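Heavy atoms only: backbone and side chains are in, while hydrogens, waters and symmetry mates are out. Here is how names work: the chains are called A, B, and so on, in the same order as the sequence lines, proteins then strands, and each is numbered from 1. A quick note: this is a predicted structure, and the numbers were derived from the prediction, not measured.
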Amino acid sequence: MNANTRVLITRRPLSVEAARRAVARPDCGGICVFAGTVRNRNEGRRVSKIRYSAFESMALRQFRAIAAEARKKFGLRAVYIAHRVGLLKLGEASVVCAAASPHRAEAFAGCRRLIERVKKLAPIWKEEFHGRGKTWVNRA
Amino acid sequence: MNANTRVLITRRPLSVEAARRAVARPDCGGICVFAGTVRNRNEGRRVSKIRYSAFESMALRQFRAIAAEARKKFGLRAVYIAHRVGLLKLGEASVVCAAASPHRAEAFAGCRRLIERVKKLAPIWKEEFHGRGKTWVNRA
Amino acid sequence: MKVKVRLFGFLAEEAGKREISVEAETAGDALEAAKSVISIPRSVRIAVNEEYAPSKRALRSGDVVSLIPPVAGG
Amino acid sequence: MKVKVRLFGFLAEEAGKREISVEAETAGDALEAAKSVISIPRSVRIAVNEEYAPSKRALRSGDVVSLIPPVAGG
């Protein structure tokens, strides 16, 4: 565990303000925050709501590894990764990442790295609900 | 003026949550928010506080032009630019930009574009206070 | 060796359970054995004790294998 | 033609005022004329009516010239 890394998985709404506060440091001039939100359509299909589920302990472990890699790669001073699980309505945030750095280029690049790696690695799954049913997203 | 662009200059604290809300759109899956904050040192000198001043009407005009350019260039659906003026303490946000797009790559690139152009073009000035005095930043 | 295999996402839904028990010596063995209970596409990855692991990973007593369907977080 | 010139940042501070009045036909004339009141480094840019403008920009009655020191927002 590291004071400069905060990761969480929660059933409650996510907050970009909480992310900003978590990574704010007196020596950092730039904070980049990314929020991924539930869209009203995906691959041409209208979505009414979605449900995320996670293998929570493994996902948190992945988040910490992702955070450590990004901190090292971009010299980030602080990193935040939060993912929501349970039922989400349209427009709600499913994921919030944040990175703080003395300089803004690294804050942007680091935050981007966080979300790319979370999407690729974290054991989290998504069910999309349509009018008549639901599908598991990315089900091969 | 455009419903998908919100720009402001204010003496009150900035909020990344307000930025997120301003750009959230049902067809946008990604929101990138950047917050620039007051650092405790600059060019090796310890800073105690800073003061921003602006040619407000021209700065807002620049913000709108910057927003329009970034929206077009990156296909952004909504853009937010806020700058604070007056005295700021360490750690407070001086600027918050946000960009929303259906896809995250454009949200990141668009938000980066916003802050780069704001820094380059907006008629805003900064005084840094040190122990014994103050300096105008970038004074040639 | 008897090994616990945890199921997630559509695998858990289709199996109607979150956990099965199989005989296996490697992580790959465990996946193959789980196919007697549930159809497993090639895209499913394996984790051992909460870390991704290759099929050839030898299992030790007490190891828990997890079958990870294609992820869709973010 | 009489033109209003607005000062900002360190220019306003050093001049001790936010506005002066000068005789000028172009934006560049206005900047030159303002030098009788205040020292103006080459890095200072000119705006006419809230838009950046080149020195050669011809002024029309009622135009307001602004002298923009190097910006430091963000």
Side-chain angles (χ1 to χ4, degrees), chain B residues 7-10 14 34-39 42-43 47 50-66 81-86 88 92-97 111-128 133-140, chain D residues 3-22 24 26-74:
Chain B
V7 299
L8 71 149
I9 292 176
T10 175
L14 301 181
F34 177 82
T37 58
V38 180
R39 279 197 290 171
N42 190 22
E43 290 171 6
V47 175
I50 60 174
R51 183 163 57 204
Y52 282 98
S53 53
F55 179 2
E56 294 199 14
S57 53
M58 180 172 164
L60 290 171
R61 199 184 275 257
Q62 287 286 330
F63 287 177
R64 284 189 288 268
I66 289 165
I81 303 172
H83 206 291
R84 189 155 165 208
V85 291
L88 277 75
E92 290 195 298
S94 52
V95 64
V96 172
C97 297
C111 188
R112 180 79 196 273
R113 178 80 177 170
L114 295 175
I115 182 64
E116 296 303 330
R117 302 264 290 171
V118 164
K119 290 180 85 83
K120 184 167 177 179
L121 295 171
I124 297 176
W125 301 279
K126 179 179 180 177
E127 295 159 273
E128 271 180 5
K134 74 166 178 77
T135 52
W136 288 92
V137 176
N138 289 352
R139 172 171 185 165
Chain D
V3 181
K4 192 158 88 171
V5 177
R6 299 183 64 180
L7 305 174
F8 292 93
F10 71 81
L11 293 176
E13 184 178 82
E14 291 175 12
K17 55 181 98 175
R18 305 196 150 273
E19 199 176 302
I20 60 176
S21 186
V22 302
T26 67
D29 284 353
L31 183 143
E32 288 304 316
K35 287 182 176 171
S36 65
V37 176
I38 171 83
S39 161
I40 302 175
R42 291 174 57 86
S43 55
V44 169
R45 291 158 83 185
I46 305 173
V48 176
N49 302 338
E50 309 187 348
E51 298 283 2
Y52 290 111
S55 296
K56 63 177 192 290
R57 163 77 170 268
L59 299 175
R60 291 188 296 185
S61 172
D63 280 352
V64 175
V65 173
S66 296
L67 299 183
I68 310 289
V71 301

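Minimum interatomic distance between B:Val96 and B:Ala35 (heavy atoms only, all atoms of both residues): CG2-CB, 4.2 Å. Closest heavy-atom contact between D:Val71 and B:Pro123: CG1-CA, 3.7 Å. Residues B:Val95 and D:Gly74 share a closest heavy-atom pair of CG1-C, 3.4 Å. The shortest heavy-atom contact between D:Ile20 and D:Ala34 is CD1-CB, 3.7 Å.
Put simply, the side chain of B:Cys97 does not reach to within 4.5 Å of the side chain of B:Phe63, judged on heavy atoms.
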Donor-acceptor pairs under 3.5 Å, chain D to chain B, main chain and side chains both?
unit_1	atom_1	unit_2	atom_2	d
D:Glu13	OE1	B:Lys134	NZ	3.3
D:Glu13	OE1	B:Trp136	NE1	2.9
D:Glu13	OE2	B:Lys134	NZ	2.7
D:Glu14	OE1	B:Arg139	NH2	3.4
D:Glu14	OE2	B:Arg139	NH1	2.2
D:Glu14	OE2	B:Arg139	NH2	3.3
D:Glu50	OE1	B:Arg61	NE	3.3
D:Glu50	OE1	B:Arg61	NH2	3.3
D:Glu50	OE2	B:Ser57	OG	2.5
D:Tyr52	OH	B:Leu121	O	2.5
D:Pro69	O	B:Trp125	NE1	2.9
D:Val71	O	B:Asn138	ND2	2.7
D:Ala72	N	B:Ile124	O	2.7
D:Gly73	N	B:Ile124	O	3.4
D:Gly74	N	B:His83	NE2	2.8
D:Gly74	O	B:Tyr52	OH	2.9
D:Gly74	O	B:Ser94	OG	3.0

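A distance of 5.0 Å separates CD1 of D:Ile40 from CG of D:Leu67, quoted to the nearest 0.5 Å.
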